[in-house]
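Single-structure report; data block below.
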Amino acid sequence: MASPSTEAEKNASSAAAPARCQRIGCDAMFTDDSNPDGSCHYHPSGPIFHDGMKEWSCCKQRSHDFSLFLAIPGCKTGKHTTEKPITKAVSTNPPKAVPVQTSKQGVGADTCARCRQGFFCSDHGSQPKAQKSSVTNDTNVVPVEKPAVPPPKKKIDLSEPRICKNKGCGKTYKEKDNHDTACDYHPGPAVFHDRMRGWKCCDIHVKEFDEFMEIPPCTKGWHNADAA
């Protein structure tokens with residue numbers, strides 16, 4: 001059995017054991033003998049979090065950095081306590097509105113506001129849509145008859161002089177003398193950009209228009225009087 005002196009020593013040591021203050025912003029160690037009024041600096045109300053900003057609602061002190069926010073000293077003084085205060089973090093971000101679903105049972109697609117405006121409606125989306133009548137006034141419609149046989153091509157006189165319209169050629173020729181290397185031309189297109197003139201086909205560009213007209217053709221082929 002322990003002696004009375006030993007039991008008293010244990011009680012004294014237990015009473016003198018330091019405790020941690022539970023007030024927000026304090027977190028100091030204290031004992032009952034070292035807890036005078038005004039020794040605790042704390043925040044009496046909780047923090048506010050909004051758009052990345054942290055703010056104490058009691059003193060309006062704020063910071064973007066969480067470590068610096070926690071280092072802001074308490075704005076109220078009192079005694080240390082081991083009782084944990086009940087505070088809640090307040091968020092000023094407005095809550096998202098929850099859409100209220102209303103029943104459209106008994107409402108037809110013709111009278112439903114969403115269906116009439118062309119929006120998708122979950123209540124009537126599976127219903128077959130009414131087919132619009134495609135009645136037209138046939139009295140004002142003139143039927144267009146397509147020819148069964150294409151019109152015959154224009155006959156060409158092989159001895160008739162023709163002018164080649166290929167770019168860079170412009171020579172007069174006869175069809176009877178035409179062949180796959182008769183024409184010297186530019187397949188193009190012509191390029192005019194930043195005061196430079198040239199042909200994309202042969203990648204030659206000059207500044208003056210006269211020089212542009214003198215660029216020799218780069219391709220051989222047939223003369224063509226019907227070229228675009």
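This is a predicted model, so every value here is computed, not measured. What you see below is based on every heavy atom in this structure, not just the backbone, and it leaves out hydrogens, waters and symmetry mates.
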* Asked: Between the main-chain N or O of Gly46 and the side-chain N or O of Ser57, is there a donor-acceptor pair closer than 3.5 Å?
  -> yes
* Closest approach of His43 to Cys58 (non-hydrogen atoms, all atoms of both residues) -> ND1-SG, 3.5 Å
* To do: Please examine the side chains of Glu160 and Glu175, heavy atoms only from C-beta on, and report whether any two atoms are closer than 4.5 Å.
  => no
* Asked: Which atoms form the tightest heavy-atom contact between Thr172 and Pro161, and what is the distance?
  -> CG2-CB, 4.0 Å
* Structure fact -> d(Ile163 CD1, Asn224 CG) to nearest 0.5 Å is 13.0 Å
* Mind listing the closest non-hydrogen atom pair of Asn166 and Tyr185 along with its distance? => CB-CB, 3.6 Å
* Excluding sequence neighbours, so at least two apart, what forms side chain to side chain contact (heavy atoms under 4.5 Å, CB included) with Ser63? -> Asp65, Leu68, Phe69
* Pairs flagged by salt bridge (Lys or Arg N to Asp or Glu O under 4.0 Å) wherever residues 76-85 is involved - sequence neighbours left out -> none
* Decide whether Phe49 and Trp56 are clustered together by the hydrophobic rule: side chain heavy atoms of Ile, Leu, Val, Met, Phe, Trp, Tyr closer than 4.5 Å, transitively. => yes
* Structure fact -> Residues at least two apart in sequence or cross-chain that pass side chain to side chain contact (heavy atoms under 4.5 Å, CB included) with His179, listed by chain then number, are Thr181, Ala182
* To do: Please step through side chain to side chain contact (heavy atoms under 4.5 Å, CB included) for the pair Asp177 and His223, ending with a clear verdict.
  => CA-CA 10 Å; Asp177 301 325; His223 288 300; over 6 Å; no
* To do: For Lys176, enumerate each residue passing the side chain to side chain contact (heavy atoms under 4.5 Å, CB included) test, keeping only those at least two apart in sequence or located in another chain.
  => Leu158, Ser159, Lys174
* Asked: Between Cys218 and His186, does a side chain to side chain contact (heavy atoms under 4.5 Å, CB included) hold up when you go through it step by step?
  -> CA-CA 6 Å; Cys218 59; His186 289 288; 3.7 Å; yes
* Structure fact -> The reported gap from OG in Ser39 to NE2 in His80 (rounded to nearest 0.5 angstrom) is 3.5 Å
* Spacing of SG belonging to Cys183 relative to NZ belonging to Lys171, to within rounding of 0.5 Å -> 7.5 Å
* Structure fact -> Nearest heavy-atom contact between Pro187 and Thr219 is CD-OG1, 3.2 Å
* Applying side chain to side chain contact (heavy atoms under 4.5 Å, CB included), run through Lys54 and Ile48 and close with a yes or a no. => CA-CA 6 Å; Lys54 295 87 176 168; Ile48 299 174; over 6 Å; no
* Rounded to the nearest 0.5 Å, how far apart are OH of Tyr42 and SG of Cys21? -> 9.0 Å
* To do: Decide side chain to side chain contact (heavy atoms under 4.5 Å, CB included) for His64 and Met53; before the verdict, give the C-alpha distance in whole Å, the side-chain angles of both, and the deciding distance to 0.1 Å.
  => CA-CA 5 Å; His64 283 286; Met53 179 66 71; 3.0 Å; yes
Under 3.5 Å, which donor-acceptor pairs do the side chains of residues 209-217 form with other protein atoms, sequence neighbours left out?
none

* Roughly how far apart are Asn35 CG and Cys40 SG, rounded to 0.5 Å? -> 8.0 Å
I'd like a table of donor-acceptor pairs (distance under 3.5 Å, sequence neighbours excluded) in which one partner is a side-chain atom from residues 194-206, with atom names and distances.
unit_1, atom_1, unit_2, atom_2, d
Arg197, NH1, Arg195, O, 3.4
Arg197, NH1, Lys207, O, 2.3

* Kindly indicate whether the side chain of Arg20, heavy atoms from C-beta on, has any atom under 4.5 Å from the side chain of Asp27. => yes
* **Euclidean distance, Arg162 CZ relative to Asp226 CG, rounded to 0.5 Å** => 5.0 Å
